[in-house]
Structure formats: structure tokens, C-alpha cells
Amino acid sequence: RMEFVDLYVNYVFNESIRKPFEDFMKGFLRGCPARKWMMFLPVELQIVLQGHTTCDWNLLQKNVKYSQYERLDQTIRNFWTVFHKLPEEKKKMFIAFLTGSDRIPGYVWEHFTFTIADPNVENPDEFYPSANTCHHILFLPR
């Protein structure tokens, strides 16, 4: 029985995926030669390829820039109060709304910034927040 289990596990995890994995590896290494990846430790390579999966929300708040707002404006204070009460999944959804991805690239988390801007609309109660994902700008009506 032990030999059967060993052979079955080997088939499922190695033999059955050998051809698709070799095809994937061939294509991946064509675009990204292995010598370039050798400088990374496995955990570093995972962050480079996947981005950060955990976020320091206080650092994010600290790095925000404001346009036509001040850090202590009531709208900004309300925004951060609500934001910090959100569950982790909703915060990641906000990052996706702001950037187009729910993860921050691995090499920029400490330097990631976004801008909260006042869209200067006549009646702010008639507008929802919107985002410019290319420039990481959140337009937050007063």
C-alpha cells in the first residue's frame, strides 16, 4: 500500500504536470532569463512576482499627499476613521479601486503614495469618490 501511495502521489504532483510545467517554464524563461532571477532569495522572488499580500495601513496613511485638502480637514479625518474600521478585504478592495490591483508591487510598498484630491464640484453631495488609477489619485468630494 505504501508503494502505491508513493507512486500515486508522485504521479499526481510530478508526472501528470511535467509537460504543462515544462512548457510554462520554457516560455517564462524565454521572457525572463534564469540568470536574472538568481539574485533573489525565494521569498524575495515571491514578493517581486506577486506583490505584497499584507499591508501596513498606517504607513499608507502617512505617505498620502493631499491636493486642495489639509491633513486635518474634517473630510480627511472622516475618511481615515472609516478606512481604518474597514475589514482587511475591504481595504484591499480600496487599493484595487485606487490602483487597479489589490496588491502593491513588492519593491515600492515603503515608497507607495497616492493623492487625495478635492474635485472642486459645485454640489459635492451629488458626486461619488472616483479614482485615477494611472496616477493613484482619489478624488474625494467634500
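This is a predicted model, so every value here is computed, not measured.
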I'd like to know whether the aromatic ring centres of H135 and F114 sit less than 6.0 Å apart in this structure. no
Tell me whether K19 is salt-bridged to E22, with the criterion being a basic N under 4.0 Å from an acidic carboxylate O. no
Polar side-chain atom of Y69 near backbone of L140 as donor-acceptor pair, under 3.5 Å: yes
Heavy-atom closest pair, residues S16 and P20: O-CD, 4.3 Å
Tell me, do R77 and R71 make a side-chain contact under 4.5 Å, heavy atoms counted? no
Would you find a donor on one side and an acceptor on the other, under 3.5 Å apart, between the side chain of D73 and the backbone of T75? no
Look at the rings of F21 and F24 and say which category their plane angle falls in: under 30° parallel, 30 to 60° tilted, over 60° perpendicular. tilted
Between E126 and N123, do the side chains contain a donor N or O and an acceptor N or O under 3.5 Å apart? yes
Parallel, tilted or perpendicular: which fits the ring planes of F4 and Y8, with parallel below 30° and perpendicular above 60°? parallel
Under the side-chain contact (heavy atoms from CB on, under 4.5 Å) rule, what do D118 and F139 come out as? Steps first, then yes or no, please. CA-CA 6 Å; D118 183 353; F139 295 104; over 6 Å; no
Provide the closest heavy-atom pair for H84 versus W57 in the form atom of the first, atom of the second, distance. CE1-O, 4.0 Å
Going by heavy atoms in the side chains, are T115 and V64 under 4.5 Å from each other? no
Indicate the ring-plane relationship of F83 and F94, choosing parallel, tilted or perpendicular according to the 30° and 60° boundaries. perpendicular
Side chains of I95 and L60: does their closest heavy-atom pair fall under 4.5 Å? yes
Is the closest side-chain heavy-atom distance between T133 and T99 below 4.5 Å? no
